[in-house]
Q: 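Sharing a structure here in structure tokens format.
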Number of protein chains: 2
Amino acid sequence: MLALSKNILAPALKKLEQRSVLSEADRAAFLGMPFNIKSMSASNYIIREQDLTKHCCVLLSGFAFRSKIVGNGARQILSVHIPGEVLDLQHAFLGIADHSIQMLSSGNVAFVPAEAVHEIAVAHPAIGRAMWLETLAESSIFREWIANIGRRNALSRVAHLLCEIAVRLHSAGLIDGTRYELPMTQEQLADATGLTTVHVNRMLQKLRCDGLITRDKRAITIGNWKALSGVADFNPDYLHLNGALSQNFASSEGRLYRVRPGDDLSLA
Amino acid sequence: MLALSKNILAPALKKLEQRSVLSEADRAAFLGMPFNIKSMSASNYIIREQDLTKHCCVLLSGFAFRSKIVGNGARQILSVHIPGEVLDLQHAFLGIADHSIQMLSSGNVAFVPAEAVHEIAVAHPAIGRAMWLETLAESSIFREWIANIGRRNALSRVAHLLCEIAVRLHSAGLIDGTRYELPMTQEQLADATGLTTVHVNRMLQKLRCDGLITRDKRAITIGNWKALSGVADFNPDYLHLNGALSQNFASSEGRLYRVRPGDDLSLA
DNA sequence: CGAACTTTTGACAAGCATCAACACGTGTGG
DNA sequence: CCACACGTGTTGATGCTTGTCAAAAGTTCG
């Protein structure tokens, strides 16, 4: 399908503008990038590991996820993406895909030629900077996932994922209350948290029994944010959203430094 | 200490040029950035979580690591850095530190004011692009760590870390043979792999007994690269190094897609 | 209505954590 | 120069968290 409207990319632009200031010319240039739209269904591949990448993708609607398969055949989900996110600045620049991206649900994806992205980044430094910022914020999410999987127990890991998605959807203006659609099976939740399906099932049951969430079909309702974010050890700072949000969603306890014997506490 | 020489930043420049083409003017501008050098000792903090960041750091000598402390007091190491690496493009742009960076060994760090980095990125788009590329490559490493911690067993995780450091040191021209200094205690290896000190100790013993490595003091010698990278399920593609290296260091088996029932294999 | 997913359950096993103690090396101060 | 403290590495006993396997119940969709 060929691009018809100039406003198709608007949700992605809006996302960039949450973190950066752009001029009218920048906006026009961004919305004017060429693209193709593809309608995709659940589990379709947007990009496969080892593909040579020639475009950059914008998730116009629906959810998607990145994943890698390790040697023993196990899959690890690396991130979950919500509508409006730019998926592939990485691949467009690095040339070869080091992981796959698939749809979680059906939705539409805009494919922008990589050169168009390169050009706009040079011609409009503010856009280049904004895109760079997006990749930095995404990096921060990867780091939190490392900590989540490496150092939290199963219950916290699952709760943390649910908190993250809730806050990101909220920040994108895609939900209002405490209920949201999360089109992930328990197997996918397991692959995202480094657990097994069976164990995720038990953890979800525990969260339900304790009244922290309810889940019917693929919709999550958070029954008690404070308790859930507490169990999750969730602190939204790592999402680098602006201002007010962070206050509302922080779990009560702040992060502290763990001082170990031998740590030199000086700054230089 | 104040900057005296124009060539202090050369190692970082060399690193950027491994992935990007820069003009003579770009190079001069990069080397001409203002900076302060600080001599730091092991476990000194370069940056602490929640600091407001006003500079970007270049690790001139010595090793460093990023880490986060989670709610129960456990520490997760997020990455390990070798001499010559630019540590902090992230923090310089996001403004507030979402994790800490500490020295692993003693060494020198150059602190470049964040504005100088911003300005050079705009004035010299090629440098901006090169730095962006670095952050993308680093992102890819974070993703591999998520997969490593989430989906590999303890033995593979430890072996994988040892392989990664070896290849990165090799690529930076810092080692030649199969032996290298890795100034990490077993506790730090544990925090990097999401394990406990005791278990890391046992895994290292296993690697030693099987003749894959030897370790004396803080030096690692790889006795059998093929076997080690096999155990580690190590494939250096994710490091996005150029060309030849990848061939030499790949473990024998390629990565495949794991097809699950319901996966739609079409590309669109 | 049947086939293919997905969720749930139970019994059991295993990998890794926990705890505690000891060994070893190194630097330091009495 | 030795004694000592301290960080680090090593070991063994034990137990818990999470994984594995298998089967049944529920759900979705053609």
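No hydrogens, no waters, no symmetry mates; every other heavy atom, side chains included, goes into these values. Chain A is the first sequence line, chain B the second, and so forth, proteins listed ahead of strands; every chain is numbered from 1.
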Q: Out of dT7(C), dC16(C), dG9(D), which nucleotide sits closest to the side chain of Q186(A)?
A: dT7(C)
Q: Heavy atoms under 4.0 Å, any strand shown: does R215(B) hit a base, just sugar-phosphate, or nothing?
A: sugar-phosphate
Q: Rounding to an integer number of Å, can you tell me how far D191(B) CG sits from dT8(D) C1'?
A: 14 Å
Q: For R208(B), answer base if it contacts any base atom (sugar-phosphate contacts may also be present), sugar-phosphate if it contacts only those atoms, and nothing otherwise; contact means non-hydrogen atoms under 4.0 Å.
A: sugar-phosphate
Q: Rounded to the nearest angstrom, tell me the gap between atom CZ in R152(A) and atom C1' in dT17(D).
A: 18 Å
Q: Which one, dT10(D), dT18(D), dT28(D), comes nearest to the side chain of Q205(B)?
A: dT10(D)
Q: Does the pair K15(A) and E85(A) meet the rule for a salt bridge (Lys or Arg N to Asp or Glu O under 4.0 Å), with working shown?
A: CA-CA 7 Å; K15(A) 190 140 248 168; E85(A) 293 187 340; 3.8 Å; yes
Q: Contact class for R218(B) (heavy atom, under 4.0 Å): base, sugar-phosphate, or nothing?
A: sugar-phosphate
Q: With the threshold set at under 4.0 Å for non-hydrogen atoms, list the residues of residues 196-204 of chain A touching DNA chain D in residue-number order.
A: T196(A), V198(A), H199(A), R202(A)
Q: Give a yes/no answer on whether the side chain of K217(B) brings an N or O atom under 4.0 Å of OP1 or OP2 in dG9(D).
A: no
Q: Please set out all donor-acceptor pairs under 3.5 angstrom arising from side-chain atoms of residues 210-219 of chain A, sequence neighbours excluded.
A:
{"residue": "D210(A)", "atom": "OD2", "partner": "K206(A)", "partner atom": "NZ", "Å": "2.9"}
{"residue": "R215(A)", "atom": "NH2", "partner": "M184(A)", "partner atom": "O", "Å": "3.0"}

Q: Indicate whether any N or O donor in one side chain lies under 3.5 Å from an N or O acceptor in the other, for H99(B) and E144(A).
A: no
Q: Among R66(B), R143(B), R168(B), whose salt bridge (Lys or Arg N to Asp or Glu O under 4.0 Å) with E138(B) holds?
A: R66(B)
